[in-house]
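This report concerns only the one structure given below.
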2 protein chains.
Amino acid sequence: MSSNGSFGPARAADWSNVRERLRASGLRWTPQRRTLIEVLSRTNGHVTGAELVERCREVDPGTIPSTVYRTLDVMEDLGLLSHSHGADGREEFHVQPVAAHGHLHCTSCGTTWEILADEAAAVVDSMQRSRGFAVDLSHLSIAGQCAGCSAKPAG
Amino acid sequence: MSSNGSFGPARAADWSNVRERLRASGLRWTPQRRTLIEVLSRTNGHVTGAELVERCREVDPGTIPSTVYRTLDVMEDLGLLSHSHGADGREEFHVQPVAAHGHLHCTSCGTTWEILADEAAAVVDSMQRSRGFAVDLSHLSIAGQCAGCSAKPAG
DNA sequence: CGCCATATTGCAACATGTCGCAAGTGCATG
DNA sequence: CATGCACTTGCGACATGTTGCAATATGGCG
Ligand SMILES: [Mn+2]
Ligand SMILES: [Mn+2]
Ligand SMILES: [Zn+2]
Ligand SMILES: [Zn+2]
């Protein structure tokens with residue numbers, strides 16, 4: 001997977017100048033990339049890789065999965081995307097993020113919540129203090145049991 | 001994936017009475033399960049599913065992956081195992097755990113550290129307070145950049 | 001011991017990615 | 001607008017699981 005070197009707060013993605021950003025890194029503007037950018041630019045929130053492949057196929061039926069996944073890596077390196085993993089380990093991409101955030105996932109009922117920076121401060125600060133470790137909030141996914149499910153006797 | 005309903009501190013696994021534990025749940029003792037238990041009972045620490053399949057094959061070359069994965073789920077339900085996911089989302093099983101723990105993974109250098117309960121207290125307590133959410137420490141895997149890699153200019 | 005209800009297995013197909021390689025293409029340059 | 005080098009793509013193989021189904025096996029019971 002790719003890495004956003006600084007894990008800074010995600011700026012809202014600006015898809016209008018992707019071509020220039022690619023060129024600035026010596027990378028190329030191709031029809032396959034144009035297709036994915038188009039799909040991403042009208043996608044909000046969370047989406048899996050498989051869903052993106054599917055949506056690209058609606059635009060260009062000849063879409064090849066490995067090309068999509070490779071382009072997603074490039075977009076992530078450019079800082080236009082980030083991903084985390086669901087409790088099953090599957091990738092979830094975060095598109096046009098308003099703010100960097102992590103996730104909380106209840107294993108019993110399957111519900112997922114977003115954890116914003118202020119709520120994650122305890123985690124981030126704690127690891128920074130004890131280890132000098134810079135937590136990548138956007139990749140963070142915490143599993144467990146929500147209040148509702150904990151209350152019920154036998155999940 | 002299976003869930004250890006309570007996320008309690010992991011007791012050291014006792015492989016001697018697995019058969020009885022299975023029967024107590026109406027489950028069965030089969031040669032395939034015996035093979036996996038044998039492998040698990042001499043495995044310590046972290047191991048991937050693929051590695052376990054491989055080790056089972058050394059005992060019984062006829063081992064089928066899906067059977068191993070299904071049995072791993074059963075063992076997890078029995079509380080004899082837990083798993084988390086590497087930064088790539090792949091499963092890592094924790095065998096014969098001395099104590100429940102999470103993981104810290106540096107995306108730059110690839111090193112992984114264990115986070116014990118006291119160090120994870122900030123995370124666990126914070127989510128419990130703000131949301132009544134019971135974090136499953138053994139499934140927790142935090143990605144980011146370690147102190148050493150953060151120090152270097154272009155990790 | 002033999003029966004039977006159920007749990008389990010083997011198998012094949014599928015899901016989600018990743019990787020190596022040869023062929024193809026973007027684009028800077030002249 | 002022709003050239004050529006790197007970057008990309010397509011494709012097939014592989015890695016790691018998951019799932020549906022029909023065939024089997026376990027183990028409680030008579
Ligand atoms: Mn999991
Ligand atoms: Mn990841
Ligand atoms: Zn819940
Ligand atoms: Zn590091």
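Naming convention: chains lettered A, B, ... in sequence-line order (proteins, then strands); numbering from 1 in each chain. What you see is a predicted model, and the numbers here were worked out from it, not measured in a lab.
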Could you pull out the protein-nucleic contacts involving nucleotides 20-23 of chain C (nitrogen or oxygen on both sides, under 3.5 Å)?
| from | atom 1 | to | atom 2 | distance (Å) |
| --- | --- | --- | --- | --- |
| dG20(C) | O6 | Arg70(A) | NH1 | 3.2 |

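- In this structure, His85(B) atom NE2 and dT18(D) atom C1' are separated by 13 Å, rounded to whole Å.
- Using a 4.5 Å heavy-atom threshold, the side chains of Trp15(B) and Gln96(B) count as touching.
- Residue Thr67(A) places none of its side-chain N or O atoms closer than 4.0 Å to OP1 or OP2 of dT9(D).
- The distance between atom CD of Glu76(B) and atom P of dT18(D), rounded to the nearest whole Å, is 10 Å.
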Scoring nucleotides 2-7 of chain C by protein non-hydrogen atoms under 4.0 Å (B base, S sugar-phosphate only, - none) yields ---BBB
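- Inspection of the Ser130(B) and Glu119(A) side chains reveals an N or O donor paired with an N or O acceptor under 3.5 Å.
- Protein atom CZ of Arg34(A) is 16 Å distant from nucleotide atom C1' of dC7(D), rounded to whole Å.
- No donor-acceptor pair under 3.5 Å is formed between the side chain of Thr111(B) and the backbone N or O of Cys106(B).
- Here the options are His46(B), His94(B), Glu76(B), the test is side chain to side chain donor-acceptor pair (under 3.5 Å), and the partner is His83(B); only Glu76(B) passes.
- If you check the side chains of Ser108(A) and Gln145(A), you find a donor sitting under 3.5 Å from an acceptor.
- Side-chain atoms of Thr30(A) lie closest to dT8(D) of the nucleotides dT9(C), dT8(D), dG17(D).
- The only member of Ser84(B), Ser82(B), Ser141(B) that meets side chain to side chain contact (heavy atoms under 4.5 Å, CB included) when paired with Glu92(B) is Ser84(B).
- Residues of residues 48-65 of chain A that place a heavy atom closer than 4.0 Å to DNA chain C, in numerical order, are Gly49(A), Ala50(A).
- Using a distance-only test at 3.5 Å, with no hydrogens or angles considered, a donor-acceptor pair links the side chain of Arg57(B) to the main chain of Thr63(B).
- Side chains of Thr43(B) and Arg55(B): a donor on one and an acceptor on the other come within 3.5 Å.
- Rounding to whole angstrom units, CG of residue Asp73(B) and P of dT9(C) are separated by 12 Å.
- Residues passing the ring-ring contact (aromatic ring centres under 6.0 Å, His included) test with His105(A): none are found, sequence neighbours excluded.
- The nearest whole Å value for the distance from the OH atom in Tyr69(A) to the C1' atom in dC11(D) is 16 Å.
- The interatomic distance linking Leu22(A) (CG) with dT9(D) (P) rounds to 10 Å, in whole Å.
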Show me, pair by pair, the donor-acceptor contacts under 3.5 angstrom made by side chains of residues 121-128 of chain A, not counting sequence neighbours?
none

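- Scanning for side-chain contact (heavy atoms from CB on, under 4.5 Å) contacts around Glu38(A) gives Arg42(A), Val59(A), with sequence neighbours left out.
- His139(B) has its side chain within reach of His85(B): a pair of non-hydrogen atoms, C-beta onward, lies under 4.5 Å apart.
- Distance from the side chain of Gln32(B) is smallest for dT9(C) among the nucleotides dT9(C), dC27(C), dG28(D).
- Checking dT18(D), dT9(D), dG28(D) against the side-chain heavy atoms of Arg23(B) singles out dG28(D) as nearest.
- For dG27(D), one of the phosphate oxygens OP1 or OP2 lies less than 4.0 angstrom from a side-chain nitrogen or oxygen of Arg19(B).
- Atom pair Asp88(B):CG and dG17(D):C1' shows a separation of 13 Å (rounding to whole Å applied).
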